[in-house]
Protein chains: 2
Amino acid sequence: MLPGLKAGFTLDTRLEADSEQLMWLGLCELRVMNDRRWPWLLLVPQRPGAEEIHDMTPLDQAMLTFETNMVAQGLKKATGCTKINTGALGNIVRQLHIHVIARSEGDPGWPGPVWGHGLREPYQRSDLRRFAETIKAAL
Amino acid sequence: MLPGLKAGFTLDTRLEADSEQLMWLGLCELRVMNDRRWPWLLLVPQRPGAEEIHDMTPLDQAMLTFETNMVAQGLKKATGCTKINTGALGNIVRQLHIHVIARSEGDPGWPGPVWGHGLREPYQRSDLRRFAETIKAAL
């Protein structure tokens with residue numbers, strides 16, 4: 001079994017449709033949101049039924065913090081963005097997932113949030129692969 | 001000196017204008033956003049110059065996780081909301097601050113994010129005080 005692939009965990013179908021698998025971390029699956037408007041990553045803790053961060057064990061909460069901040073640092077380094085935006089909302093998709101997004105002055109919707117802003121614009125496959133490789137190299 | 005009141009730290013003027021002091025935690029000042037549309041709390045780490053979570057020390061990151069999740073749990077318990085939304089954006093106010101918001105189906109802007117949604121609606125002073133007391137009791 002792959003590291004991070006926990007028994008009983010199934011990825012939400014909407015998360016699966018909107019994003020692409022990038023790599024496994026210790027607790028989370030790291031995914032790339034397939035939206036070329038912003039460099040946008042998702043961390044999905046491999047815990048069946050988890051909806052709120054505070055419902056996870058203290059160890060999982062600490063792991064999630066470590067992995068989220070490692071990803072945020074790598075994304076900022078890789079993109080040279082102005083500001084990292086992180087968020088855990090889950091109003092639409094209840095399965096716990098944490099957004100880490102690279103924001104820069106003048107990007108679509110700046111300085112507002114990305115969530116709910118217009119329609120997703122999928123990458124060309126080659127551009128998505130290139131972005132994924134850049135992120136892997138930065139982590 | 002009050003606990004949490006670190007030398008050299010000054011609260012951003014916009015955060016000060018939009019929210020009210022609630023209590024000191026170990027790392028953060030906990031504040032109530034003065035917007036009666038949603039039960040909305042802010043954690044402000046008392047670290048001069050901090051803008052990104054990943055730039056803080058590992059210990060501060062762990063403390064912030066602990067305090068954020070404690071506040072999230074208390075807010076969910078106190079409000080009986082559908083979902084907690086947490087976020088650290090900082091596109092407008094660069095001083096690091098973490099939002100913890102109680103969201104419920106049918107609230108203003110649901111299921112979209114609260115940031116950038118319409119105009120802030122300040123509480124009546126007595127309602128703000130009552131909400132603050134409820135939160136203190138839940139923590």
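Every value quoted in this text rests on a predicted model; they were computed, and no experiment measured them. So you know, we letter chains A, B, ... as the sequences are listed, proteins then strands, and number each from 1.
Here the OG1-CD distance, from B/Thr82 to A/Glu51, works out to 10.5 Å after rounding to the nearest 0.5 Å. Atom OG1 of residue B/Thr86 and atom CD1 of residue A/Ile98 lie 7.5 Å apart, to the nearest 0.5 angstrom. Here the CH2 atom belonging to B/Trp115 is positioned 5.0 Å from the CG atom belonging to A/Leu89, to the nearest 0.5 angstrom. Between the CD1 atom in B/Ile53 and the CD1 atom in A/Ile84 there is a gap of 10.5 Å [rounded to 0.5 Å].
Residues of residues 102-114 of chain B that come closer than 4.5 Å to chain A, counting heavy atoms only, are B/Arg103, B/Glu105, B/Trp110, B/Pro111, B/Gly112, B/Pro113, ordered by residue number.
The ring pair (Phe, Tyr, Trp, His ring centres under 6.0 Å) search around A/His54 returns none, not counting sequence neighbours. The salt bridge (Lys or Arg N to Asp or Glu O under 4.0 Å) search around A/Arg14 returns A/Asp18, not counting sequence neighbours. A/Asp12 pairs by the side-chain hydrogen bond (donor to acceptor under 3.5 Å, both in side chains) definition with nothing, not counting sequence neighbours.
Between chain B and the residues A/His99, A/Lys83, A/Gln61, the largest count of heavy-atom pairs under 4.5 Å involves A/Lys83. In terms of heavy-atom pairs under 4.5 angstrom with chain B, the leader among A/Ala72, A/Ala62, A/Pro58, A/Gly116 is A/Ala72.
Heavy-atom neighbours of A/Phe66 CZ from other residues, nucleotides or ligands within 6.0 Å: at or below the threshold of 12.
When the options A/Thr68, A/Asn69, A/Thr65 are evaluated for a side-chain contact (heavy atoms from CB on, under 4.5 Å) with B/Thr65, the one that passes is A/Thr65.
Side chains of A/Gln73 and B/Glu52 form no contact here, defined as non-hydrogen atoms less than 4.5 Å apart.
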